[in-house]
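Every chain is numbered from 1 and lettered A, B, ... according to where its sequence line falls, protein lines coming before strand lines.
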Amino acid sequence: MRERYDVTVIGGGPAGLAAAIAADAAGARVLLIEREARLGGILKQCIHDGFGLVRFKEKLSGPEYAERFIEQFRAAGIDAMTLTYVTAIEPLTDGGFCLTAVSRDGVTAIESKTLILATGCRERTAKQVAIHGTRPAGVYTAGTAQHLTNLRGVLPTKKCVILGSGDIGLIMARRLTLEGAEVLGVYEAKPTPSGLTRNLHQCLHDFNIPLYLSHTVTRVFGEDRLTAVEISQVDDAMRPIPGTESVVACDGLILSVGLIPENELAETLGVALDPRTKGPVCDGSLMTSCPGVFSCGNALHVNDLVDYVSESGEQAGRAAAAFCGAARDLAPIEIGKELLYLVPQQIDRNADNSAVTFYFRSRAPMGKSRLRLQCGDAVLFEKTYPFLRPPEMERLTVDLRDLPAGGALTAQLDSLEGGA
Amino acid sequence: MEQLVCIVCPRGCTMTLNDTPDGLSVTGNACPRGKAFAIAETTQPMRTLCTTAATAFPAAPVLPVRVRGEIPKDRIFDVMAAINAVTVDFPAARGDVILENVCGLGVDVIATSSLLSEEGERP
């Protein structure tokens with residue numbers, strides 16, 4: 001007979017662990033599936049500190065943060081399959097899903113009433129940022145460089161250039177410097193840095209690593225191993241400006257050029273994705289467009305703090321445990337152009353909306369600004385922010401119990417700076 | 001007048017330091033930790049340090065470690081050298097001391113993962 005679970009969580013990183021613990025605490029029979037040998041996800045290699053400030057009021061390293069959850073997970077006696085890969089998910093005719101999982105024991109079929117997709121995100125690669133030239137060794141994503149340095153104990157470069165000012169790139173600039181590599185500079189095509197301001201300071205300024213804005217890598221040189229990269233200035237549309245090229249000798253190019261939520265499994269289920277977040281369109285309980293399928297963590301949208309990843313995992317876990325297949329009355333939220341994205345993207349009018357947690361980012365850096373949520377002409381909620389920066393996600397909880405009937409839901413961000 | 005960005009938490013407040021007759025004044029900080037950080041930056045900047053230490057276990061060649069308390073910023077590379085001279089040959093658990101009183105700074109280096117003690121349990 002096939003195993004039948006109430007909740008199956010796919011992914012054993014911070015989102016999946018929190019989801020499984022929350023669903024178990026709510027009384028559900030839970031299974032967690034992880035493709036790696038150890039639980040913890042990307043936190044295993046994030047050995048720097050700064051995790052858990054919101055949740056634990058402590059500055060923990062990635063492994064410390066993850067292991068707190070892993071210990072809780074084990075103490076609860078929740079079923080887990082590691083070194084296991086989910087290859088297919090099919091909806092069952094009587095509700096629920098059948099998963100095909102491949103592990104060292106072979107192929108297993110598992111039935112589950114609900115699914116939580118906690119599959120995290122992937123790094124954009126050199127192919128996705130159109131760098132020309134040869135294909136030498138020495139071009140790594142920041143995550144790969146981090147894996148080699150922090151888990152394998154191998155230094156991937158002696159002298160490198162970092163493309164992209166995302167947080168992992170900044171963290172790796174410091175990490176490689178500490179281990180004795182020379183980091184020649186961080187090049188960012190955008191006119192503003194992508195990473196958190198504190199990381200610009202503690203990772204670059206502390207080690208005198210220069211940051212070049214509006215610059216990008218346009219070409220790589222080298223046959224077997226990278227020998228140099230070509231750097232160009234870019235214009236407002238991030239197009240390289242001819243005549244500005246310069247060649248920098250190095251044996252490593254580290255790419256920190258963005259993260260994309262991983263939703264291959266979600267797509268096989270026909271889950272609708274939001275082109276802004278590249279994660280599933282969800283309601284206030286983090287249920288996707290597919291009833292019984294929930295999303296959380298970086299699979300839902302790329303977070304900058306793990307504390308919020310865990311929080312969304314817990315939300316999804318509780319909601320999945322409580323899932324009973326009730327009909328939804330979904331009201332999409334239209335967002336204004338100043339918002340880069342807003343999660344959740346829709347509200348189920350039939351659900352208990354007494355505490356809906358929203359996450360958003362502004363499209364561009366803004367001074368004093370106001371977020372406003374409306375239903376038709378009625379203002380449901382507004383909040384003023386002293387400043388907003390796209391790298392820093394904002395989170396807020398709103399009581400939406402008394403949603404006026406009818407009327408479109410809208411969210412918009414207005415600048416309150418002089419003249420506006 | 002000097003401006004600096006707080007690194008205590010992800011909020012990253014931009015703070016302004018001013019020399020006043022009553023001593024240093026700090027503005028722009030959202031909490032007292034920011035003020036303390038700003039003042040330390042002008043006197044003795046302190047940092048935490050997270051790195052790895054080599055192990056004697058082939059399945060996990062490096063173990064994540066960190067200093068238990070802050071160390072002076074200008075001693076970071078001395079502490080790195082001290083940690084890089086160590087090989088962890090026991091199945092350390094999270095919080096175990098890897099190096100006592102590193103460089104005489106009064107701060108221990110501790111393991112931040114139970115990776116080795118758990119690897120040992122596996123068949």
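Interface remark: E179(A) contributes backbone and side-chain atoms alike to the contact with chain B (heavy atom separation under 4.5 Å). Proximity to chain A (any heavy atom under 4.5 Å) is restricted, for L49(B), to the side chain, taken from C-beta onward. Looking at R175(A), only its side chain comes within 4.5 Å of chain B, counting heavy atoms on both sides. Using a 4.5 Å cut-off between heavy atoms, V65(B) makes no contact with chain A at all. In this structure, the portion of T149(A) lying under 4.5 Å from any heavy atom of chain B is its backbone and not its side chain. When heavy atoms are compared at a cutoff of 4.5 Å, E394(A) does not approach chain B at all.
A distance of 15.5 Å separates OG1 of T112(B) from OH of Y65(A), quoted to the nearest 0.5 Å. Separating the OG1 atom in T52(B) from the CG atom in L151(A) is a distance of 9.5 Å, to the nearest 0.5 Å. A distance of 9.5 Å separates CD1 of I83(B) from CG of L178(A), quoted to the nearest 0.5 Å. The distance from atom CG of L63(B) to atom CD1 of I47(A), rounded to the nearest 0.5 Å, is 9.5 Å. With values rounded to the nearest 0.5 angstrom, E64(A) atom CD is found 7.5 Å from C50(B) atom SG. In this structure, the separation between SG on C6(B) and NE2 on H201(A) is 10.5 Å, given to the nearest 0.5 Å.
Between chain A and the options S113(B), A54(B), P61(B), the largest number of non-hydrogen pairs under 4.5 Å is found for S113(B). Ranked by heavy-atom pairs shorter than 4.5 Å toward chain B, the options L196(A), V54(A), N150(A) are led by N150(A).
Here the shortest heavy-atom pairing between L115(B) and R38(A) reads CD1-CZ, 3.1 Å. Between D206(A) and K73(B), the closest heavy-atom pair is OD1-NZ, 3.3 Å.
Around the NZ atom of K35(B), the shell of radius 6.0 Å holds no more than 12 heavy atoms that belong to other residues, nucleotides or ligands. More than 12 heavy atoms of other residues, nucleotides or ligands sit less than 6.0 Å from atom NZ of K59(A). The number of heavy-atom neighbours closer than 6.0 Å to OH of Y85(A), taken from other residues, nucleotides and ligands shown, is 12 or below.
Side-chain contact, T48(B) with D49(A): a donor N or O sits under 3.5 Å from an acceptor N or O.
Between the E67(A) side chain and the R94(B) main chain, no donor and acceptor come within less than 3.5 Å of each other.
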